[in-house]
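Encoded as structure tokens, the structure appears first; notes follow it.
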Number of protein chains: 2
Amino acid sequence: MSPRIGLDLPAILQAAVEIADARGLEEVTLASLAQKLDVRSPSLYNHVNGLSGLRSKLAVHGLEQLLHVMTQAVVGRSGDDAVRELGKAYVAFARAHPGLYDATLRAPDPEDAEVRRLAGETVDLVVRALQAYELKDEAALHAVRGLRSLLHGFSSLEQRGGFGMPLDLDVSFRLLLDTFLAGLHEMKRRAKAESKRD
Amino acid sequence: MSPRIGLDLPAILQAAVEIADARGLEEVTLASLAQKLDVRSPSLYNHVNGLSGLRSKLAVHGLEQLLHVMTQAVVGRSGDDAVRELGKAYVAFARAHPGLYDATLRAPDPEDAEVRRLAGETVDLVVRALQAYELKDEAALHAVRGLRSLLHGFSSLEQRGGFGMPLDLDVSFRLLLDTFLAGLHEMKRRAKAESKRD
DNA sequence: TATAATAACTAATACCATTAGTTTTTGCAA
DNA sequence: TTGCAAAAACTAATGGTATTAGTTATTATA
């Protein structure tokens, strides 16, 4: 009376996400996962290619959700409004799913096709959100990197307790985004002046 | 002919840093470290409180070095120049010591007294570097958080290969810093206009 | 010179991932 | 309906990890 307990990939991922978010990504082991699912750990190999396979699936799963909330955040918006909502959605996701967010950045293989596809789609989304700033091709990509750096940096430090000071985190974040946007406008202004002078 | 091989804390830390930078922080195990030092792993317990003790020491060691290079970068400078050099030093350190940099952010106990002391000193240093922007008390601390977010985010993503696009990383970084600084100036201008209007 | 502290060691335990081989259930084809 | 193959669980075994207990040799000091 043992086989066919009803294990499948979605159930495994959900359990893994719960452990990751509640106890940290390092606590997601085949042993802890098997215990939560009331199964022996070798059984998991029928659904997932070991621990590294599980981590890959987790990374993809997280990237999909992150892309989804970011997409929802920007639809129907443009300019500063779009970027602000995008940023808020990013940070909110990292706060709601600290372990899963962590997983998106520790894919065992960053060259994984699925991971690259999702990364590409995310870049495209952010490029569109930045259209209002009239950055020309390469500049837009640099800006995407910058925005992502700032969003990830803030989220990562917030999670690791890297901000020791007793200061409102939401205010810090809003000011950071405001500063970046003001900088973007200023860069746009300078570029205009530059092209007019030529 | 076994005791007194000549093991001490500095030698242990150096070996740990070498492994971390060359193979990644996860590869720093008591086993790998013992092998590199030509010793049995239980011997390490005479110098370090297990793996978590080693990680704490590594974190402190990394923070000390990071603070040092940042201090060297800002002496005798002010304003944009100081911030730019500070940023370059931060990223250069993360590039030169990826594993050690990683260790600074994964201290087993962020409440550790030594860690907090170094974090505080670092904040003070950056606050001084930002003096030129005339941010009033709280605003200065928010700006420190912002700058740190952006520096850490860029470094972290760069290390994890999170930037898929074939685009010059140094250019991205320079533009990010320029945008942030332009934003800082703009915020200062707005604050001035605000206070004049009252 | 004797003794106590120190720093190495060996041995043993517990937990983890992984593989091999086994058993039971399910689904499908005859 | 029956039989068989694939799938999904299992047990057992291996090797790697941290850690603790207890031992031995060296060093420093009284």
Side-chain angles (χ1 to χ4, degrees), chain A residues 1-61 99-100 102-103 106-109 112, chain B residues 1-61 99-100 102-103 106-109 112:
Chain A
M1 71 291 249
S2 40
R4 302 306 131 95
I5 282 201
L7 213 51
D8 61 357
L9 192 55
I12 288 175
L13 282 181
Q14 185 189 331
V17 169
E18 284 175 17
I19 295 174
D21 287 341
R23 300 193 262 147
L25 187 58
E26 327 72 41
E27 296 294 316
V28 178
T29 65
L30 293 186
S32 68
L33 190 54
Q35 187 181 17
K36 188 181 183 81
L37 292 166
D38 207 36
V39 133
R40 307 299 175 141
S41 56
S43 305
L44 296 170
Y45 284 79
N46 286 315
H47 303 273
V48 133
N49 188 14
L51 185 59
S52 75
L54 172 66
R55 290 191 173 141
S56 289
K57 300 256 186 228
L58 215 44
V60 169
H61 187 241
L100 184 56
D102 210 4
R106 292 208 255 169
D109 177 18
D112 179 279
Chain B
M1 71 290 247
S2 39
R4 304 307 134 93
I5 282 201
L7 213 51
D8 61 358
L9 192 55
I12 288 175
L13 283 181
Q14 186 189 330
V17 169
E18 285 175 17
I19 295 173
D21 287 341
R23 300 193 262 147
L25 188 57
E26 327 73 40
E27 295 294 317
V28 178
T29 65
L30 293 187
S32 68
L33 190 54
Q35 187 180 18
K36 188 181 181 81
L37 292 165
D38 207 35
V39 134
R40 306 299 175 139
S41 56
S43 305
L44 296 170
Y45 284 78
N46 286 314
H47 303 274
V48 134
N49 189 15
L51 185 59
S52 75
L54 173 66
R55 289 188 175 144
S56 288
K57 300 255 185 230
L58 215 44
V60 169
H61 188 240
L100 184 56
D102 209 4
R106 292 210 253 167
D109 177 17
D112 180 280

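All values below come from the heavy atoms of this structure, side chains included, with hydrogens, waters and symmetry mates left out. Note on naming: letters A, B, ... go to the chains in the order of the sequence lines (proteins, then strands), and numbering restarts at 1 for each one.
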Sequence neighbours left out, what passes side chain to side chain contact (heavy atoms under 4.5 Å, CB included) with [X]? Give chain and number order.
{"X": "B:Asp38", "value": "none"}
{"X": "B:Gln35", "value": "none"}
{"X": "B:Gln14", "value": "B:Glu18"}

Open item on the list: With side-chain contact (heavy atoms from CB on, under 4.5 Å) as the criterion, how do A:Val39 and A:Leu33 come out once you've worked through the C-alpha distance, each side chain's angles and the decisive distance to 0.1 Å?
Closed with: CA-CA 9 Å; A:Val39 133; A:Leu33 190 54; over 6 Å; no
Open item on the list: Side-chain N or O of A:His47 versus OP1/OP2 of D:dA9: is the shortest distance under 4.0 Å?
Closed with: yes
Open item on the list: Looking at C:dA7, I'd like to know if its phosphate oxygens (OP1 or OP2) sit under 4.0 Å from a side-chain N or O belonging to B:Ser43.
Closed with: no
Could you give the [atom1]-to-[atom2] distance, from [X] to [N], as a whole number of Å?
{"X": "A:Gln35", "N": "D:dA9", "atom1": "CD", "atom2": "P", "result": "17 Å"}
{"X": "B:Arg40", "N": "C:dC9", "atom1": "CZ", "atom2": "P", "result": "7 Å"}
{"X": "B:Leu37", "N": "C:dA8", "atom1": "CG", "atom2": "C1'", "result": "13 Å"}
{"X": "B:Arg55", "N": "D:dT17", "atom1": "CZ", "atom2": "P", "result": "13 Å"}
{"X": "A:Ile12", "N": "D:dA9", "atom1": "CD1", "atom2": "P", "result": "8 Å"}
{"X": "A:Asp8", "N": "C:dT26", "atom1": "CG", "atom2": "P", "result": "15 Å"}
{"X": "A:Leu7", "N": "C:dT25", "atom1": "CG", "atom2": "P", "result": "17 Å"}

Sequence neighbours excluded and cut-off under 3.5 Å, please list the side-chain donor-acceptor pairs for residues 21-29 of chain A, or say none.
{"from": "A:Asp21", "atom 1": "OD1", "to": "A:Gly99", "atom 2": "N", "distance (Å)": "2.9"}
{"from": "A:Asp21", "atom 1": "OD1", "to": "A:Leu100", "atom 2": "N", "distance (Å)": "3.0"}
{"from": "A:Asp21", "atom 1": "OD2", "to": "A:His97", "atom 2": "ND1", "distance (Å)": "2.6"}
{"from": "A:Thr29", "atom 1": "OG1", "to": "A:Ala31", "atom 2": "N", "distance (Å)": "3.4"}
{"from": "A:Thr29", "atom 1": "OG1", "to": "A:Ser32", "atom 2": "N", "distance (Å)": "2.9"}
{"from": "A:Thr29", "atom 1": "OG1", "to": "A:Ser32", "atom 2": "OG", "distance (Å)": "3.2"}

- [ ] Look at the side chain of A:Asn46 and the base of D:dA7, then say whether one donor and one acceptor between them are separated by less than 3.5 Å.
- [x] no
What protein N or O atoms touch nucleotides 15-18 of chain C N or O atoms at under 3.5 angstrom, if any, and at what distances?
{"from": "C:dA17", "atom 1": "OP1", "to": "A:Leu30", "atom 2": "N", "distance (Å)": "2.7"}
{"from": "C:dA17", "atom 1": "OP2", "to": "A:Leu30", "atom 2": "N", "distance (Å)": "3.3"}
{"from": "C:dA17", "atom 1": "OP2", "to": "A:Ala31", "atom 2": "N", "distance (Å)": "2.8"}
{"from": "C:dT18", "atom 1": "OP2", "to": "A:Tyr45", "atom 2": "OH", "distance (Å)": "2.7"}
{"from": "C:dT18", "atom 1": "OP2", "to": "A:Leu51", "atom 2": "N", "distance (Å)": "2.8"}
{"from": "C:dT18", "atom 1": "O5'", "to": "A:Tyr45", "atom 2": "OH", "distance (Å)": "2.9"}

Open item on the list: If the condition is side chain to side chain donor-acceptor pair (under 3.5 Å), which residues does B:Arg106 pass it with, not counting sequence neighbours?
Closed with: B:Asp102
- [ ] Would you indicate what B:Gly6 reaches in the nucleic acid, counting non-hydrogen atoms under 4.0 angstrom: base, sugar-phosphate, or nothing?
- [x] sugar-phosphate
Task: side chain to side chain donor-acceptor pair (under 3.5 Å) contacts in which one or both residues fall within residues 42-59 of chain B, not counting sequence neighbours - done: none
Task: Nearest heavy-atom neighbours spanning A:Leu30 and A:Ser41 - done: O-CB, 3.8 Å
Open item on the list: Strictly by salt bridge (Lys or Arg N to Asp or Glu O under 4.0 Å), give each pair with a member in residues 6-17 of chain A just once, sequence neighbours left out.
Closed with: none
TODO: Pull out every residue in residues 14-23 of chain A that has a heavy atom closer than 4.0 Å to any atom of DNA chain C, ordered by number, or say none.
DONE: none
